[in-house]
Amino acid sequence: MDDVRAPAKRETIPLALWAIALLALSPFPVTAVIYGYGPAERMAPALSSLLEWSAVVLSFLGGVRWGLETREPEPRAMRQVFSAMCGVAGWVILMSRGRAPDTWILGGFIAAFLLQWLFDHQTPYTPSRYPILSTAVTTAACVSLALCLEKAMHA
């Protein structure tokens with residue numbers, strides 16, 4: 001049965017929500033800058049922190065999507081599966097560290113963030129502010145991961 005709903009009204013993003021989002025995103029650029037430009041003894045811990053935070057944020061984004069879907073009268077199973085798989089993907093990529101080169105791990109996280117972003121922008125009936133926040137998270141993650149990928153490729 002087709003769900004006929006009125007388009008969501010355009011919502012503004014409260015300043016407090018932006019502040020929380022920026023605070024939650026700060027580990028991405030901070031660890032990337034330390035890895036890319038910091039002292040040699042801080043590079044490995046910074047990269048580990050960035051990869052661990054990436055897995056956490058992918059799980060968080062999947063949880064948000066899960067929550068958006070479960071509020072529906074008839075949640076769509078494939079959307080819930082994909083939501084859960086974001087956390088699994090983050091864990092698998094993270095656990096591959098040491099078994100695959102860091103360049104592959106970084107590339108894997110970039111791919112995972114971009115896939116979840118594409119999926120998020122195909123999700124109907126979400127609050128209008130969600131795609132904006134999703135884009136901010138994905139941009140912070142991917143730019144930071146790409147900076148580290150570039151450094152790792154030349155290390």
Side-chain angles (χ1 to χ4, degrees), residues 8 10-71 79-155:
R10 200 78 180 137
E11 300 171 311
T12 59
I13 301 173
L15 184 58
L17 186 53
W18 271 120
I20 292 166
L22 292 175
L23 184 61
L25 295 177
S26 65
F28 286 116
V30 169
T31 55
V33 168
I34 292 170
Y35 178 73
Y37 304 103
E41 67 272 6
R42 301 275 185 211
M43 288 175 63
L47 183 58
S48 292
S49 294
L50 176 67
L51 298 176
E52 292 160 4
W53 191 242
S54 294
V56 167
V57 172
L58 276 173
S59 294
F60 172 79
L61 291 171
V64 169
R65 190 177 313 99
W66 176 277
L68 288 171
E69 188 61 34
T70 57
R71 74 180 181 171
R79 290 200 178 274
Q80 290 181 307
V81 167
F82 187 84
S83 299
M85 295 313 295
C86 284
V88 171
W91 179 79
V92 167
I93 295 167
L94 185 62
M95 292 297 106
S96 297
R97 191 149 191 234
R99 294 171 184 81
D102 284 342
T103 53
W104 286 51
I105 304 301
L106 289 160
F109 273 119
I110 291 169
F113 274 104
L114 291 174
L115 283 171
Q116 70 76 29
W117 181 83
L118 288 170
F119 191 80
D120 280 350
H121 287 264
Q122 297 299 317
T123 303
Y125 315 122
T126 59
S128 65
R129 63 181 156 199
Y130 181 66
I132 296 167
L133 292 167
S134 171
T135 298
V137 170
T138 303
T139 300
C142 287
V143 168
S144 298
L145 289 161
L147 176 67
C148 291
L149 177 59
E150 199 280 329
K151 175 75 173 187
M153 289 173 61
H154 294 98

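For this chain, numbers begin at 1 and follow the sequence in order.
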Worksheet item: How many angstroms lie between CH2 in W117 and CG in L61, if you round to the nearest 0.5 Å?
Response: 13.0 Å
Fill in: Heavy-atom check, side chain of L47 versus side chain of L106, under 4.5 Å
yes
Discussion item. Show the nearest heavy-atom pair for residues A55 and G90, with the distance to one decimal.
Written reply: CB-O, 3.7 Å
Worksheet item: Between the side chains of W104 and S96, does any donor sit under 3.5 Å from an acceptor?
Response: no
Discussion item. How close do F82 and L115 get, counting heavy atoms only, and between which atoms?
Written reply: CZ-O, 4.2 Å
Worksheet entry | Side chain to side chain, R97 and L51, heavy atoms closer than 4.5 Å | yes
Worksheet item: When rounded to the nearest 0.5 angstrom, what is the spacing between CH2 in W66 and SG in C86?
Response: 12.0 Å
Worksheet item: Can you check whether V137 reaches L133 side chain to side chain, under 4.5 Å on heavy atoms?
Response: no
Worksheet item: Do F113 and V57 have side chains that get closer than 4.5 Å, going by heavy atoms?
Response: yes
Item to complete: Check step by step if side-chain contact (heavy atoms from CB on, under 4.5 Å) holds for R129 and L17.
Response: CA-CA 10 Å; R129 63 181 156 199; L17 186 53; 4.1 Å; yes
Worksheet item: Say you draw a straight line from CG of L149 to OH of Y35; how long is it, rounded to the nearest 0.5 Å?
Response: 9.0 Å
Discussion item. Measuring from atom CD1 of I105 to atom OG of S54, what distance do you get when rounded to the nearest 0.5 angstrom?
Written reply: 11.0 Å
Worksheet entry | Minimum side-chain heavy-atom gap V56-W53 below 4.5 Å | yes
Worksheet item: Does the side chain of T138 come under 3.5 Å of the side chain of Q116 through a donor N or O and an acceptor N or O?
Response: yes
Practice prompt. Give the minimum heavy-atom separation between A24 and P27, together with the two atoms involved.
Written response: O-CD, 3.2 Å
Item to complete: Go through the steps for L147 and Y37 under the test side-chain contact (heavy atoms from CB on, under 4.5 Å), then give the verdict.
Response: CA-CA 10 Å; L147 176 67; Y37 304 103; 3.8 Å; yes
Worksheet item: Under the side-chain contact (heavy atoms from CB on, under 4.5 Å) criterion, do W18 and L23 qualify, and how do the steps go?
Response: CA-CA 8 Å; W18 271 120; L23 184 61; over 6 Å; no
Worksheet item: Are the side chains of V88 and M85 in touch, meaning some heavy atoms are under 4.5 Å apart?
Response: yes
Discussion item. Counting only heavy atoms from other residues, nucleotides and ligands, does the tally under 6.0 Å from CH2 of W91 exceed 12?
Written reply: no
Item to complete: Could you tell me whether the side chain of F28 reaches within less than 4.5 Å of the side chain of V33, counting heavy atoms only?
Response: no
Response to the item:
L25 and A136 have their tightest heavy-atom pair at CD1-O, 3.9 Å
Worksheet item: Taking all non-hydrogen atoms of both residues, which atom of A32 and which atom of C148 are closest, and how far apart?
Response: CA-SG, 3.6 Å
Discussion item. I want to check a possible cation-pi pair here: R65 against Y130, using under 6.0 Å from ring centre and within 45° of the ring axis as the test.
Written reply: no
Worksheet item: What distance separates T70 OG1 from R79 CZ, expressed to the nearest 0.5 Å?
Response: 13.5 Å
Fill in: Heavy-atom pair of closest approach, residues A46 and I34
CB-CG2, 3.6 Å
Fill in: Heavy-atom side-chain proximity of C142 to L114 below 4.5 angstrom
yes
